[in-house]
Number of protein chains: 2
Amino acid sequence: MSQSEAPRRIPLDRERVVRAAIALADEGGIGSLTMRKLAEKFDVVPMALYKHVANKDELLDAMVDVVFGELEFPSGGGWKTAMRARAVSMREGLLRHPWAVELMEVRKPGPANLRHHNATMGCLREEAGLPFRMAIHAYSAMDSYIYGFALLERTLPFETPDEYSKAVKARAEAIAEEHPSPVDEYPYLFEIVEEFGGSGYDYNEEFGSGLDLILDGIEHRR
Amino acid sequence: MSQSEAPRRIPLDRERVVRAAIALADEGGIGSLTMRKLAEKFDVVPMALYKHVANKDELLDAMVDVVFGELEFPSGGGWKTAMRARAVSMREGLLRHPWAVELMEVRKPGPANLRHHNATMGCLREEAGLPFRMAIHAYSAMDSYIYGFALLERTLPFETPDEYSKAVKARAEAIAEEHPSPVDEYPYLFEIVEEFGGSGYDYNEEFGSGLDLILDGIEHRR
DNA sequence: ACCTGAACACCGTTCAAGT
DNA sequence: ACCTGAACACCGTTCAAGT
């Protein structure tokens, strides 16, 4: 029966703070990540966090580097297979952490970030055997596509083809309410409503389609 | 000598409010756009703005639709030329309004947005003669690329190849300070430093290169 | 019809103080 | 060594009031 029966808190440390911040942003979006709410998660006053991260900016840097650490390096099976796997892993990571899309390449790069970019560039230079300029073009095209796809995908508040089809119809109705004759005004948008309102839309297939377009293009120019 | 010599303010209206908000965001980033600072621009108390926009969210909707209104529709010269011109115009718009990149496809779509998407889809269906599914694939690949490129381009705080080369060297030195032997650890990143530290890096050319990769791929699959 | 003023419930972060 | 409490300079937005 020691005197420490009282609910003792596990002391905070940097890693727990960063992980909790990621969980908060994953759940409620980056807007819901505030130092005050993060402190609440640990039943602690906001200022307690500042012993472990210098400020919110540094916290964001650390969060982004954790996401980079979750991404697969390109490796094995030839450059095309390897780059494809990297792209798929990146999209999945950005889907798990939608708040990260705009931050990945903005924050001060951490070690996982540097390792990832170095490994990817290495794959293009060595495995694919691309000359330097061509490797840069390939890298730029792929990452633009991946980040852009993630950016667009993130805006859509549904994950399955079925949810998609419902949302498309709802949006069409919302437009119809504000416009006198929407089908005549925007015929090609309403074609989309008709086509996808029933069957829905498969994001995985869409991502793969554009990815193969780019990978084939790179191979073709090699 | 009427009694109205006193500095009379032009009364606010919605358009002036939206334009001033865009100017503020263009200059200082979206973070510097606050209702309070916007009100200051008009020498008015913050609450005066709320007669013209319902709230900040609706202001953002309106700002995004102004940007959509600045973008060229695809038109003339065959689908490939038209789609290329649209892409270039979009990148330029997103470069003028970097804060818009993450908002373009998130906010409630306004009339300029609907017109733009309808015209682009129309170009792919009619001028390019693509079947529906292929038009969707083409649209998705192009917009993902354009938004992603704009997202990545925006993170780099310099605009000319020369500024780029200086920034690359500065970043390399920052990394070198924190890592014991960075050239061995990240050889492919340091290849980039060497290659671009001198000559610099041309963003316009890079954008065009990836764009042509995708346009050629679409043509090839048609 | 349009603008004001005070107030409320939030932010990140400082500083000095507690244990 | 780690956490607290009070305070400061900010937010968006409400409500009731002024002209």
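As the structure is a prediction and not an experimental result, all values here were calculated from the model. Here is the naming used below: chain letters follow the sequence lines, and residue numbers restart at 1 for every chain.
- Of the candidates C:dG12, D:dC3, C:dC3, the closest approach to any side-chain atom of B:H52 belongs to C:dC3.
- Among the nucleotides D:dT13, C:dC3, D:dC3, the one closest to the side chain of B:A48 is C:dC3.
- Salt-bridge annotation for B:R154 and A:E102: absent, with no side-chain N of the basic residue lying under 4.0 Å from a carboxylate O of the acidic one.
- Checked against the 6.0 Å centroid threshold, A:F132 and B:Y188 do not count as a close aromatic pair.
- The one candidate from A:L71, A:V67, A:D61, A:D65 that meets the side-chain contact (heavy atoms from CB on, under 4.5 Å) condition with A:N113 is A:D65.
- Map B:K51 and B:A54 each onto its nearest nucleotide of DNA chain D; the residue landing nearer the 5' end is B:A54.
- One interatomic measurement links the two molecules: NZ of B:K56 to P of D:dT14, which rounds to 14 Å at whole-angstrom precision.
- Base pairing analysis places D:dC15 opposite C:dG5; the two distances defining the Watson-Crick or G-U wobble pair are each below 3.5 Å.
- With D:dC3, D:dT13, C:dT4 as the choices, the nucleotide that has an atom nearest any side-chain atom of B:V44 turns out to be C:dT4.
- Where B:R36 and A:V45 meet DNA chain D, the nucleotide closest to each residue was compared, and A:V45 sits on the side nearer the 5' end.
- Nearest-nucleotide mapping onto DNA chain C: of A:K37 and A:M47, the residue sitting toward the 5' end is A:K37.
- The separation between A:N55 atom CG and D:dC10 atom P is 18 Å, rounded to whole Å.
- Spacing between atom CD of A:E40 and atom C1' of D:dT4 amounts to 16 Å, rounded to whole angstrom units.
- C:dC11 atom C1' lies 15 Å from atom CG of A:D57, rounded to whole Å.
- Going from atom CE of A:M35 over to atom P of C:dC11 covers 12 Å, rounded to whole Å.
- For the 3.5 Å distance criterion, the side chains of B:H116 and B:R86 qualify, holding a donor opposite an acceptor.
- Aromatic ring centres of A:F68 and A:H117: separated by under 6.0 Å.
- In this structure, the CG atom of B:L24 is 10 Å from the P atom of D:dC11, given to the nearest Å.
- As a whole-Å value, the separation of B:L49 CG from D:dG12 P is 10 Å.
- Taking atom CG on A:D43 and atom P on D:dG5, their separation rounds to 12 Å, with Å as the unit.
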